[in-house]
Every structure is written in structure tokens, then in C-alpha cells.
Protein chains: 2
Amino acid sequence: MKRLSKDDIIAGAGRRFATHGYHGTSMRDLGDDLGILGSSIYAHVGGKQELLVAVIEGGAEHFEASARAALDVEGASGQLRAFIKGHIDVILDHRAEARTYLSEVGFLDPDRRAIVAQRRDRYEMYLVEILDACVLEGVLRKDVDVRLASIYTLSILNLVDRWFSESGRVKRAELSEDVYRFVLRGLGGTP
Amino acid sequence: MKRLSKDDIIAGAGRRFATHGYHGTSMRDLGDDLGILGSSIYAHVGGKQELLVAVIEGGAEHFEASARAALDVEGASGQLRAFIKGHIDVILDHRAEARTYLSEVGFLDPDRRAIVAQRRDRYEMYLVEILDACVLEGVLRKDVDVRLASIYTLSILNLVDRWFSESGRVKRAELSEDVYRFVLRGLGGTP
DNA sequence: CCTACCGATCGGTAGG
DNA sequence: CCTACCGATCGGTAGG
């Protein structure tokens, strides 16, 4: 039973927020999970909202790192494939952070929420750019509505953790490939 | 300022739950929205959890009615199209109920949550059957993983209210058509 | 549907 | 990180 670090507290908060929601989590709940008192959490962080901010910004960084890596891949269709695989990997490797990032943004204080919204828009723009490049390279139909396509793709990706099980019939790598094929075909490409 | 009906209370609860979440909503908040005291709500309903149940079951019924109507359409691809259009219409015509149904199920008491989960599975099975029929009629590729396909489709549909605006660039009917084409092509069909 | 409340729990603090 | 609290708010009730 060694002392907890600030990161331990944030990780614990992420798990609770992901399963019970921000407003469904009390500082005492959180303390119970961590084996300390609720009031002891204030030795590490300023308050509950600060924990939400830390969890969500951690989630945002994972997604952004993944998108940057995807842009380094050669060829537009390879980038699309890497973007999809990267997003799924982030969601499944950081389920709690990712779920909180995706579901609890609305409970951020208005200022912080606006900043996170901007970061999400920027992330979506990465995908839009990749799809644009796919159209340009002739991988996708010229009449594709790239904005809608990016929303469809992110919708599929963002809900993956709600149903996917690592021990299920479909393996993670197969899922990434299948989503890639589905999106590519959906936009008029041939894998 | 006439007296409120039970349905008024449930509708108000739906709106609050959809925007602030179940745990982010107090009975006093709800009363404020309705112009009465929080404690006055207990004249109409047994408690907060009962309101959540009512909103969510109302949402479930809308989706199920839409699915049944889709199954009445002639031809598998027509059914798929009707299912998609119907789902989008339910979401946009009953935003608060639908959003609560989709996001707050986890806060239902365990027994009720299990029942709702069953209803959701049944709804998904409607789509699986339609997709199976599409494969059988040769509208879709024979090697399609219909389970995954239904999940992808519902993922796109379930997040529509998060970004769609009635006053936006894309109109509702266009969206339904575009999603239909995207899904059909994604599964190897040609619209 | 309001008045007047209840015990429980909330986020958070002072001091160690 | 605990002890010992604080005022505020929570879901809910009795009685009208």
C-alpha cells in the first residue's frame, strides 16, 4: 500500500467517470476505489472538475498523437487505414479516458469545454484532409461529401468500446480492417 | 398556467436528462423547468427513477414502431432504406427521449436495464434480418459480416442528433439518403 | 400543487 | 493521507 501519485488519482477518476458518469461519481466513491478517503483526494488535486479536465485532456492527447502518426504514412488510403486503426487502438487501450472524453465533455466548465470542442474539430479535420487526399488520388468517388463521410467514420469508431470485447469472435485487427473496408467501399473505393 | 399532466412531467424530465444527464438533474431543477416545486413532482410520479424509466421506455417504443413499419416495405433494400430513414426521423422528432434512451440506460436499476437491453437487442435483430435479406436478394456481397454491418449502421444513426442541425447545409431527407447509399456501398451494393 | 420538513450525502476545508 | 468538520443540496414525505 504505497502512496498514490496524482496520475493514480486521475486514472481512478477516469474509470469512475467512464462507468458512472461525472455527476454519478462522488469524491467519496472515488476515494473508495483508491483505498483512501474522499477528502484525501484534495491533497493531490484542487477539486472534482480539475479531475474531469485532466482525464479528458489526457484522452484528447492520445487521439491527437494517433492522428499525427497516421499523417506520416505514405499514400492517402494508407493514411485512412492508419487513422482508423489508430483510433480503435486508442479507444481500446485507454477505454476509460476515451469514454470520458467522448461522453462527459458536456460537464466541463464552459471555457474548458470550448477548448476541447476546438481540439475535437481539429482532430476531425485531420480525417477530412485524409479523405480529401483520397478523393484527389482517385481512391474515392469525386462526388463524396467528405464532411458527412468523416462524421460517419467517427461515429462508427467512437462507439467501438460500447460493444467490442477483446475475447469476442472478431479480433481487434480484423475489426480495424473491416471498418476500413466498409468506409472505403461506402465512399466508392475498392480495397 | 394550467395544471401539468403526467406526460408533461415525463417530457420535461426527458429534456433535462438529455442535456444534463440523469445524475446531473435534481428534482428541483426539473420543477424549475416546469414552473413548480421539486417536491410537487411527487404528486404525479413515484420518484426520479420512475421518470427515467418512463422516458426511456417511451424512446424504445418510437424506435420499435419505426422498425416494424420498415419491415412492411416491399423488398430488402427498400426495408433497409426505410429502417435508416425511420431511425433518423425518430431521433430528430424525439431528440430528448431518444438521447436519454441512448445515453442514460446505464443509470436504470439493474432489472429494468436488463429489460431495455433485451429490447435494444431485438431492435438490432430487425436490422440484422433486413441485412440478411439484402444478402439473400443479391443486393449485398455474400461475404458481408452482417453483425458488424448492423453495428456500424446503428453507430452512424445513433449519433446523428449530436451534430445534425435542421437549419444546416444538409437537409434531413438528404442525410437519410446519403447514409443509405454509404451503408449499401460499404457492404458491396450499388444504389 | 404548496408548506414545511427529514436524514443522507454532496464538494470541499482547517489542521495536523 | 486522516480527523473532524462545514454549509449546501439531494431525493423524498406528511399534511393540507
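These values consider heavy atoms only, across backbone and side chains, with no hydrogens, waters or symmetry-generated copies. Just so we're clear, the structure is a prediction, and the values are computed from it rather than from any experiment. Residue numbering restarts at 1 for every chain, and letters A, B, ... go by the order of the sequence lines.
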TODO: Could you state the atom-to-atom distance from CG of A/Leu34 to P of D/dC1 in whole Å?
DONE: 9 Å

Open item on the list: When both hydrogen-bonding distances must be under 3.5 Å and the geometry is Watson-Crick or G-U wobble, what is C/dG7 paired with, if anything?
Closed with: D/dC10

- [ ] Round to a whole Å and report the spacing from CG of A/Asp32 to C1' of C/dT9.
- [x] 13 Å

- [ ] Measure from CD on B/Gln49 to C1' on D/dG12 and round the result to the nearest Å.
- [x] 14 Å

Open item on the list: Looking at A/Tyr42, I'd like to know whether one of its side-chain N or O atoms comes within less than 4.0 Å of OP1 or OP2 on C/dT13.
Closed with: no

Task: Atom-to-atom span, CZ of B/Arg28 to C1' of D/dA8 - whole angstrom - done: 10 Å

Task: Contact nearer the 5' end of DNA chain C, comparing A/Asp29 with A/Ser40 - done: A/Asp29

Open item on the list: Nearest whole Å is fine: how far is D/dG11 P from B/Phe107 CZ?
Closed with: 14 Å

TODO: Please report, rounded to the nearest Å, how far the P atom of D/dT9 is from the CG atom of B/Leu30.
DONE: 17 Å

- [ ] Look at A/Ser39 and C/dG12 and indicate whether a side-chain polar atom (N or O) is within less than 4.0 Å of OP1 or OP2.
- [x] no

Task: Quiz item: cation-pi between B/Arg120 and B/Tyr101, 6.0 Å / 45° - done: yes

- [ ] Could you check whether A/Gly38 gets within reach of a base, just the sugar-phosphate, or nothing at all, counting any heavy atom under 4.0 Å?
- [x] nothing

TODO: Using a 4.5 Å cut-off on heavy atoms from C-beta on, say whether the side chain of B/Val53 contacts that of B/Val116.
DONE: no

- [ ] Quickly work out the B/Lys48 NZ to C/dA8 C1' distance and round it to whole Å.
- [x] 14 Å

- [ ] Please say whether more than 12 non-hydrogen atoms of neighbouring residues, nucleotides or ligands are located less than 6.0 Å from CZ in A/Arg112.
- [x] no

Open item on the list: Strictly below 4.0 Å: does B/Ser26 bring a side-chain N or O up to OP1 or OP2 of D/dT9?
Closed with: no

- [ ] If the plane angle is over 60° it's perpendicular, under 30° parallel, otherwise tilted; pick one for A/Phe63 and A/His87.
- [x] tilted

Open item on the list: At 4.0 Å (heavy atoms only), tell me whether B/Ile41 reaches a base, stays on the sugar-phosphate, or touches nothing.
Closed with: nothing

Task: Base-pairing assignment for C/dC1 (Watson-Crick or G-U wobble, both under 3.5 Å) - done: D/dG16

- [ ] Answer with base, sugar-phosphate or nothing: what part of the nucleic acid does A/Ile36 contact at a heavy-atom distance below 4.0 Å?
- [x] sugar-phosphate

Open item on the list: Rounded to whole Å, please give me the gap between CE in A/Met27 and C1' in D/dC5.
Closed with: 17 Å

Open item on the list: Between A/Arg181 and B/Asp143, does any NZ, NE, NH1 or NH2 come within less than 4.0 Å of an OD or OE carboxylate oxygen?
Closed with: no

